[in-house]
Protein chains: 2
Amino acid sequence: MQGRLERFLQDLGAARDLDGLTAAVRTLRDIFGVDHVVYHSVNAAGGQYAALTYSDEWVRRYIDLDYARIDPVVQGCFKRFNPVDWKRLDWSGKAQRAFLAEAIAHGVGRQGFSVPIRGPNGQFALFTVSDNRSDEDWAAYTEAHVRDLILVAHYVNQKALEIERGTDAVAMRALSPREIDALTLIAMGYSRGQAAESLSISEHTLRVYIESARFKLGAMNTTHAVARAMSSGMLVI
Amino acid sequence: MQGRLERFLQDLGAARDLDGLTAAVRTLRDIFGVDHVVYHSVNAAGGQYAALTYSDEWVRRYIDLDYARIDPVVQGCFKRFNPVDWKRLDWSGKAQRAFLAEAIAHGVGRQGFSVPIRGPNGQFALFTVSDNRSDEDWAAYTEAHVRDLILVAHYVNQKALEIERGTDAVAMRALSPREIDALTLIAMGYSRGQAAESLSISEHTLRVYIESARFKLGAMNTTHAVARAMSSGMLVI
DNA sequence: TTTCAACTCCCCCGAAATGGCGAGGCGTGC
DNA sequence: GCACGCCTCGCCATTTCGGGGGAGTTGAAA
């Protein structure tokens, strides 16, 4: 497999668009010998960009219903920095279990392994392999291939960024006035309680603004949100 | 206009006193092509400091009658943190309507757009442009120039603070390499644990860097430190 | 008219950050 | 030799933050 993988990484350079990347992902499926390979990038604005081997039907459904919001793989990996086996994610919610059942019905494997990747400007992507082996076989497989998976994940992401840059402009959603108010006070060093008092609103309401701003900015936490808002000029302190 | 604006921002550095600032504000009136430009700072003690193009008579009256207390622009902006068109303020009170009529009689424009600015120690200032265009024209004008207005507002305020204080901005102590590392990762959205892991140091050590950076930057908390470091260019995300 | 975004408020609880106490080694410069 | 800044580490209690539920109004847009 090593030889094929190296050849693949070289051939990857030829990809010029999403179709090229999708073809590359299909090749990867063969090389890795798994049921599915998925590259899935989610930008700050919530825009998605993917090259994968799932059925078109499942992809459409996933996008239409905005499943990224409940997908434990996306949500879980967004909080982590290490590759993770799907089994270690939190599938306990009702929505999550329903999502899992539906995914499997659409041909997604019972086993999965996802590598989170982060790029500049808060870019976040997932590189995933999925299969239907037994727990034991899958554990052995992932252990044996984790290095290759991480390597390929970064190559593919690099390529995707290169392709994406040609077209997209990652437009972050504008913040509402109150969100700017809240974020400004927080950036000025106020605690949530102080900021809420300054704005004459409840602390909870202030929290809602901060959370909403975090979401719009694709930020992991409040500090991140402030940093992104400042670097994009939405906030001037 | 861009060229003139940039030249203006450079020339602004030469202003040494209130007269210099007033001259700068008059130049701004020409550059922005509006009837009036006002920089108006109100400190915590109620002291006022202004450079503007209104008539002396109106200014005297405003100060003598302490109109800042009923001026919806001052009162409204004090509670907000984003630029605001005068039309969106609350002019419903009796005193406010009387104030408006009087202001217009003294040459203040019917349209206005004010940028609130906050500095250290509770300093609060307003940067305002005012004109007599139609609602439509004014909406188009403000939309087109809001970025420039905000930018200039902060430059002028910076200069005013410098003049008022008699000295240049407080020199923040430089951050050490490790402090920058730590703060950068935190600004990128990493938790302390993740950041520590990325730097291959203990979480406690990372905390020491953050605390040290907070201290050097005179920040109340981590988010504040990130904001200050970014606004002073120490951090580039 | 319905829909949607923005704005406001309430509860609970676990996880994370903060503040304060301590320690030692290394290198630069007076 | 000694001070000082930088880098590294541990433990404790307290505060703050983050995520999970809720609910309701308003005003603009479709």
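Since we're looking at a predicted model, the values are computed, not measured. Numbered from 1 within each chain, the chains take letters A, B, ... in sequence-line order.
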> Which part of the nucleic acid does Ser202(B) contact within heavy-atom distance under 4.0 Å: base, sugar-phosphate only, or nothing?
Replying inline: sugar-phosphate
> What is the distance, rounded to the nearest whole Å, between atom CD1 of Ile186(A) and atom P of dA17(C)?
Replying inline: 16 Å
>> Which nucleotide wins on minimum distance to the side chain of Ile201(A), given the candidates dC9(C), dC7(C), dG20(C)?
In response: dC9(C)
> Between dG20(C), dC9(C), dC6(D), which nucleotide has the shortest distance from any of its atoms to the side chain of Lys216(B)?
Replying inline: dC6(D)
>> Just the rounded figure in Å: distance from P of dA6(C) to CZ of Phe215(A).
In response: 11 Å
> Between atom CG in Asn221(A) and atom P in dG19(D), what is the gap in whole Å?
Replying inline: 8 Å
> Do any side-chain nitrogens or oxygens of Ser176(A) fall under 4.0 Å of OP1 or OP2 in dC7(C)?
Replying inline: yes
>> A quick test of your reading: do over 12 heavy atoms of other residues, nucleotides or ligands sit less than 6.0 Å from OH of Tyr190(A)?
In response: no
>> If I take atom CZ in residue Arg178(A) and atom C1' in nucleotide dG27(D), what distance separates them, rounded to the nearest angstrom?
In response: 16 Å
> When we call it a touch if two heavy atoms are under 4.0 Å apart, what does Arg214(A) touch: a base, just sugar-phosphate, or nothing?
Replying inline: sugar-phosphate
>> If I take atom CE in residue Met220(B) and atom P in nucleotide dT15(D), what distance separates them, rounded to the nearest angstrom?
In response: 16 Å
> How are the rings of Tyr62(A) and Tyr67(A) set to each other: parallel, tilted or perpendicular (split at 30° and 60°)?
Replying inline: perpendicular
> So does Arg110(A) have more than 12 non-hydrogen atoms from other groups sitting under 6.0 Å from CZ?
Replying inline: no
> Is a side-chain N or O of Asp131(A) found less than 3.5 angstrom from the main chain of Gln111(A), in a donor-acceptor match?
Replying inline: no
> Counting just side-chain N and O atoms, does Arg192(A) come under 4.0 Å of either OP1 or OP2 of dC17(D)?
Replying inline: yes
> Separation of Leu175(B) atom CG from dG5(D) atom C1', in whole Å?
Replying inline: 14 Å
> What integer distance in Å separates Glu211(A):CD from dG21(D):P?
Replying inline: 12 Å
> Checking all strands, does Thr222(B) fall into the base, sugar-phosphate, or nothing category for heavy-atom contacts under 4.0 angstrom?
Replying inline: sugar-phosphate
> Is the Phe99(A) ring parallel, tilted or perpendicular to the Trp58(A) ring (thresholds 30°, 60°)?
Replying inline: tilted
>> Let me spell it out: for each of Ser212(A) and Glu203(B), pick the nucleotide of DNA chain C with the closest heavy atom. Which residue's pick is nearer the 5' end?
In response: Ser212(A)
> Does dC7(D) have OP1 or OP2 sitting under 4.0 Å from an N or O in the side chain of Thr205(B)?
Replying inline: no
> Ile210(B) CD1 to dT16(D) P: how many Å, rounded?
Replying inline: 19 Å
> So does Arg207(B) reach the base of dG10(D) with its side chain, donor to acceptor, closer than 3.5 Å?
Replying inline: no
> Closest nucleotide of DNA chain D for Leu199(B) versus for Ser191(A): which of these residues is on the 5' side?
Replying inline: Leu199(B)
